[in-house]
Every structure is written in structure tokens, then in C-alpha cells.
Amino acid sequence: MREIPEGRMVARIVETEAYLHDDPAAHSYRGETPRNRSLFLEGGHAYVYVAYGIHRMLNVAAGAHGVGTGVLVRAAEPLEGIELMQARRRTTVPTDLARGPGRLAEAMEITMALDAMDLTRPGPLWLGSIDRPTGEIGISVRIGITKAADLPLRFYERGSRFVSGPRTLNG
DNA sequence: CGGCTGATGATCT
DNA sequence: GATCATCAGCCGG
């Protein structure tokens, strides 16, 4: 759920990746720094960072305070406030709105101001639940990394057209 | 659909 | 100076 002055956006998460505390691919692997600080917060807090100088990535810290582990939110199915997402993404193609972490962040206006925010309570950005059945969950290796690239830590809803990645990974 | 490449900036070496 | 949890645009099949 995302609240901005212009209105409310709701999207259903359909793809995530886990980054573990002892995971060479995780930003927390070499210890806490100013950038990855919020990844070490209590589970449920946001970790937002800039990738490739352009895209913001939304993560949710997932461990106890002091443990650097979290979940990257990679894709979501737009449900409400779709016209707000279309305006931010400058396209009306449904699968181009939040399919991929950079697109998702742009569509829902995820800014660095949201870093370290508690997502378990209603606010500008938070995690709610939706009265809708969850599909079958597929598992694959993570996308776009070179370290620990063989671990099965990506999770997605099978059959959803809002999931990113090559089709061969989404069977 | 798959493959390639430039953009662009924070972070680390 | 290199790396990088990405994407848009362009090309060929």
C-alpha cells in the first residue's frame, strides 16, 4: 500500500528474492555501513537503495535487530491507483508498470525518504493483506547477481504475467 | 522472445 | 577505477 498526496496505490506482491545474513550476494555481507544500515533493523522495516545510479530497489528487512537479512520486492500486480502508476511510469501497458524492482519502485514512487520506515503499520508505505487466493509459488535462482548465483532464493507466483525474469525461470 | 548496450551515481577498493 | 539485487531501446529470429 502506498499513500501519496495524489492518492492511494495498492499492488499485490508476486515476486521476491531472499538475501541471507551470510549470503555473499547480500549487501549486508561485509557488515553494516551507512548505506545498508536499515537492512539490520528489526524485520518489517524498509531498506531502499539506488541501483545502477538510476533505479530504487525496495527491500523489507526480515531478521532480528542487528541481523542483516531481507527480502527484495521484485514485482507486483497493480490493483488500485493504476492511473497514478501509469503517470509515473509514462506507459499504460499493465505489465510494464511494476514488473521488475526498478519499475515497481518508479510506479509506486518509492523514494529514499521511505528508507528505514516501519512497514508493518499504516503510513505512506506499508504491507497489508488482501482477500484474494494466493497462487502456486514457484522457486528459482535469483536474477541479476553473480555471487551465490545458484541458490534457490527467488519466489514468484506461477502463471502471473506480472512476474519479471526470463520465461525459462518462471516455469 | 532473446541478446546486446548505454545510462548513471553511490559505494568500495 | 571497478562494480552493480536494472531498464529502455534497438536488433534479429
Side-chain angles (χ1 to χ4, degrees), chain A residues 2 9 11-63 67-78 82 84-117 119 125 127 137-171:
Chain A
R2 176 81 171 109
M9 291 180 261
R12 177 174 167 269
I13 297 170
V14 294
E15 180 187 354
T16 63
E17 282 176 359
Y19 287 85
L20 310 181
H21 72 96
D22 57 351
D23 179 353
H27 287 181
S28 56
Y29 190 58
R30 283 156 227 228
E32 189 173 333
T33 68
R35 177 222 208 179
N36 65 24
R37 189 187 87 82
S38 44
L39 198 48
F40 290 81
L41 295 175
E42 182 79 25
H45 289 259
Y47 166 47
V48 182
Y49 74 95
V50 178
Y52 296 96
I54 310 172
H55 309 288
R56 278 166 289 275
M57 304 284 117
L58 171 64
N59 297 251
V60 184
V67 179
T69 185
V71 171
L72 170 68
V73 183
R74 283 195 59 89
E77 174 179 350
I82 291 177
L84 294 174
M85 302 185 200
Q86 291 173 338
R88 275 146 196 77
R89 290 282 302 129
R90 293 175 297 280
T91 176
T92 58
V93 180
T95 52
D96 281 350
L97 295 179
R99 183 172 185 253
R103 291 169 178 159
L104 183 151
E106 184 172 40
M108 300 194 74
E109 205 172 307
I110 305 298
T111 66
M112 290 306 297
L114 298 170
D115 183 45
M117 170 154 281
L119 305 182
L125 179 69
L127 298 164
I137 306 295
I139 303 178
S140 82
V141 296
R142 296 173 290 186
I143 293 176
I145 60 170
T146 55
K147 289 167 277 189
D150 52 342
L151 300 179
L153 292 175
R154 172 173 172 264
F155 307 89
Y156 58 95
E157 182 177 56
R158 266 204 176 112
S160 170
R161 69 184 193 283
F162 300 100
V163 168
S164 76
R167 212 162 242 206
T168 51
L169 271 189
N170 291 336

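Just so it is clear: chains get the letters A, B, ... in the order the sequence lines come, proteins before strands, and each one is counted from 1. A quick note: this is a predicted structure, and the numbers were derived from the prediction, not measured.
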Could you give the distance from CG (Leu39(A)) to OH (Tyr19(A)), rounded to the nearest 0.5 Å? 11.0 Å
Using only atom types and a distance under 3.5 Å, with no angle test, would you say the side chain of Arg90(A) pairs donor to acceptor with the backbone of Arg88(A)? yes
Just to be sure I follow the notation: if a pair is Watson-Crick (purine N1 to pyrimidine N3 plus N6-O4 or O6-N4) or a G-U wobble (N1-O2 and O6-N3), each under 3.5 Å, what dot-bracket string does DNA chain C give, with | for pairs to another strand? ||||.|||||||.
Minimum heavy-atom distance Ala18(A)-Phe155(A), with the two atoms named: CB-CE1, 4.3 Å
Between C1' on dT5(B) and CD1 on Ile54(A), what's the gap in Å once rounded to a whole number? 12 Å
Inspect the surroundings of CZ in Arg158(A) and state if more than 12 heavy atoms from other residues, nucleotides or ligands are less than 6.0 Å away. yes
Do the charged groups of Arg12(A) and Glu77(A) touch, with an N to O distance under 4.0 Å? yes
Taking Arg74(A) for its side chain and Glu15(A) for its backbone only, find out whether a donor-acceptor pair lies under 3.5 Å. no
For Glu17(A), is there any backbone N or O sitting under 3.5 Å from a side-chain donor or acceptor partner on Arg142(A)? no
Can you run down the salt bridge (Lys or Arg N to Asp or Glu O under 4.0 Å) pairs that involve residues 95-104 of chain A, sequence neighbours left out, and say none if there aren't any? none
Within the side chain of Asn36(A), is there an N or O that forms a donor-acceptor pair under 3.5 Å with the backbone of Thr33(A)? yes
Any chance you could measure Leu125(A), atom CG, to Ile110(A), atom CD1, to the nearest 0.5 Å? 4.5 Å
May I ask you to decide if Tyr29(A)'s main-chain N or O and Asp23(A)'s side chain share a donor-acceptor pair within less than 3.5 Å? no
Who passes side-chain contact (heavy atoms from CB on, under 4.5 Å) against Met57(A), sequence neighbours left out? Tyr49(A), Ala51(A), His55(A), Asn59(A), Leu72(A), Pro101(A)
First and last nucleotide of DNA chain C, 5' to 3', lying under 4.0 Å from heavy atoms of chain A: dC4(C) to dA8(C)
Could you go step by step and tell me if Asn170(A) and Arg161(A) meet the side chain to side chain donor-acceptor pair (under 3.5 Å) rule? CA-CA 10 Å; Asn170(A) 291 336; Arg161(A) 69 184 193 283; over 6 Å; no
When the distance from CZ of Arg167(A) to P of dG3(B) is rounded to whole Å, what number comes out? 15 Å
Tell me the interatomic distance from His55(A), atom NE2, to dA7(B), atom P, rounded to whole angstroms. 13 Å
Write out a two-atom table: protein N or O, nucleotide N or O from nucleotides 11-13 of chain B, distance below 3.5 Å.
residue: dC12(B); atom: OP1; partner: Thr33(A); partner atom: OG1; Å: 3.2

Arg89(A) vs Val71(A), nearer the 5' end of DNA chain C by closest nucleotide: Val71(A)
DNA chain C-proximal residues of residues 94-111 of chain A, any heavy atom under 4.0 Å: Gly100(A), Pro101(A), Gly102(A), Arg103(A)
